[in-house]
K.L.:
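My questions will all concern the structure given below.
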Amino acid sequence: MDNIVGEVHESHKITFHEDELPPEGLSHNKMLHITVQFEDKFIARVLIDGGSSLNICPLTTLKILGKGLHEIQMGSMNVKAFDGSQRATIREIIVDLQMGPTWFDVEFHVLDIPATYNLLLGRLWIHAVGALDSTLHKVVKFEWNH
């Protein structure tokens, strides 16, 4: 089950509580996935990965979003995949996504790869918005509107 982005109720203080743990408690070994909104579509299986330096959009997700390659910026860089192989990005796209109560313009590098996620949010996004993620609690929190 995907989790939603958590809300922060106390200004300038982000905490994680025991009651926010998934039903399996401390023994779970699941990745941190959230659900976001793009236009009128909800996108599940958005992986939060602080180990990735880039935000990644698989080509299959780009098609689900209804975007063609002609609509996005040229851009090519080589990136190292999880298996250690080098892959070239196809293009770059900026997507306006709703997460929790607010919207973010997120730059993604498009890769033609098989993936178990629909989008990957890496350190670029995490640091840009000042988000804190807890894989233990399976939640992402950020300050919004104080």
K.L.:
Run the side-chain contact (heavy atoms from CB on, under 4.5 Å) test against I64 and tell me which residues pass, sequence neighbours left out.
P.N.:
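By the side-chain contact (heavy atoms from CB on, under 4.5 Å) rule, I64 matches no residue at all.
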K.L.:
Quick one: does Q98's side chain have a donor or acceptor within less than 3.5 Å of a partner on G100's backbone?
P.N.:
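The answer is yes, because a donor-acceptor pair under 3.5 Å joins these two groups.
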K.L.:
Over all heavy atoms of both residues, which pair between L119 and L97 is shortest? Give the atoms and the distance, please.
P.N.:
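Heavy-atom minimum between the residues: CD1-CD1, 4.0 Å.
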K.L.:
Are the side chains of L121 and V106 in contact, using a 4.5 Å heavy-atom criterion?
P.N.:
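Yes, at least one pair of side-chain atoms sits under 4.5 Å.
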K.L.:
Verify the neighbour count for atom CG of N29: are there more than 12 heavy atoms of other residues, nucleotides or ligands below 6.0 Å?
P.N.:
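No, CG of N29 has 12 or fewer neighbouring heavy atoms, counting only those of other groups under 6.0 Å.
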K.L.:
Looking at side-chain heavy atoms only, is the closest gap between F38 and D96 below 4.5 Å?
P.N.:
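Answer no - side chains too far apart.
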K.L.:
Might you point out which heavy atoms bring R123 and S53 nearest each other, and give the distance in Å?
P.N.:
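Answer, listing the atom of R123 first, then S53: NH2-CB, 3.2 Å.
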K.L.:
Distance check, rounded to the nearest 0.5 Å: C57 atom SG versus I43 atom CD1?
P.N.:
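Going from the SG atom of C57 to the CD1 atom of I43 covers 8.0 Å.
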K.L.:
With a 4.5 Å cut-off on side-chain heavy atoms, are V139 and K141 touching?
P.N.:
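Answer yes - side chains close enough.
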K.L.:
How long is the straight-line distance from NE2 of H109 back to CD of E92, given to the nearest 0.5 Å?
P.N.:
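Here the rounded value is 4.5 Å.
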K.L.:
So how far is it from I14 CD1 to L132 CG, rounded to the nearest 0.5 Å?
P.N.:
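Going from CD1 on I14 over to CG on L132, the span is 4.5 Å.
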K.L.:
Measuring from N55:CG to L124:CG, what's the distance to the nearest 0.5 Å?
P.N.:
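One gets 5.0 Å once the value is rounded to the nearest 0.5 Å.
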K.L.:
Restricting to non-hydrogen atoms, name the atom on K41 and the atom on L65 that form the minimum distance, rounded to 0.1 Å.
P.N.:
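Reported closest heavy-atom pair: NZ-O, 3.7 Å.
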K.L.:
Does the side chain of F142 come within less than 4.5 Å of I126's, by heavy atoms?
P.N.:
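No, their side chains stay 4.5 Å or more apart.
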K.L.:
Work out which heavy atom in T35 is nearest to a heavy atom in A44; give both atom names and the distance.
P.N.:
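So the two residues come closest at OG1-CA, 3.8 Å.
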K.L.:
May I ask you to test the L32-V140 pair for a side-chain heavy-atom distance under 4.5 Å?
P.N.:
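Touching, per the 4.5 Å side-chain cut-off.
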K.L.:
Please report the closest heavy-atom contact between D40 and Q37, naming both atoms and the distance.
P.N.:
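Closest approach of D40 to Q37, heavy atoms only: CA-NE2, 4.3 Å.
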K.L.:
In Å, rounded to the nearest 0.5 Å, how long is the span from CH2 of W125 to OG of S52?
P.N.:
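The distance works out to 13.0 Å.
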K.L.:
In this structure, which one of L62, I90, T89 forms a side chain to side chain contact (heavy atoms under 4.5 Å, CB included) with D112?
P.N.:
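Passing option: I90.
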K.L.:
Could you give the distance from NZ (K67) to CG (L59), rounded to the nearest 0.5 Å?
P.N.:
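Separation between the atoms: 14.5 Å.
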K.L.:
Can you sort out the partners of T102 under side chain to side chain donor-acceptor pair (under 3.5 Å), two or more places apart, ordered by chain and number?
P.N.:
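Expected list: W144.
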K.L.:
Please examine the side chains of F108 and L120, heavy atoms only from C-beta on, and report whether any two atoms are closer than 4.5 Å.
P.N.:
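Result no, sub-4.5 Å side-chain heavy-atom pair not found.
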K.L.:
State which residues pass salt bridge (Lys or Arg N to Asp or Glu O under 4.0 Å) with E24; sequence neighbours excluded, sorted by chain then number.
P.N.:
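Once residues adjacent in sequence are excluded, the partners of E24 under the salt bridge (Lys or Arg N to Asp or Glu O under 4.0 Å) criterion are K30.
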K.L.:
Please examine the side chains of M99 and I34, heavy atoms only from C-beta on, and report whether any two atoms are closer than 4.5 Å.
P.N.:
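Result yes, sub-4.5 Å side-chain heavy-atom pair found.
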K.L.:
Can you see which heavy atom on F16 is nearest to which on D133, and at what distance?
P.N.:
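Of all heavy-atom pairs spanning F16 and D133, the closest is CZ-C, 4.2 Å.
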K.L.:
Is it possible for you to say whether I113 and M31 belong to one hydrophobic cluster, with membership spreading through side-chain heavy-atom contacts below 4.5 Å?
P.N.:
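Same cluster: I113 reaches M31 through Ile, Leu, Val, Met, Phe, Trp or Tyr contacts under 4.5 Å.
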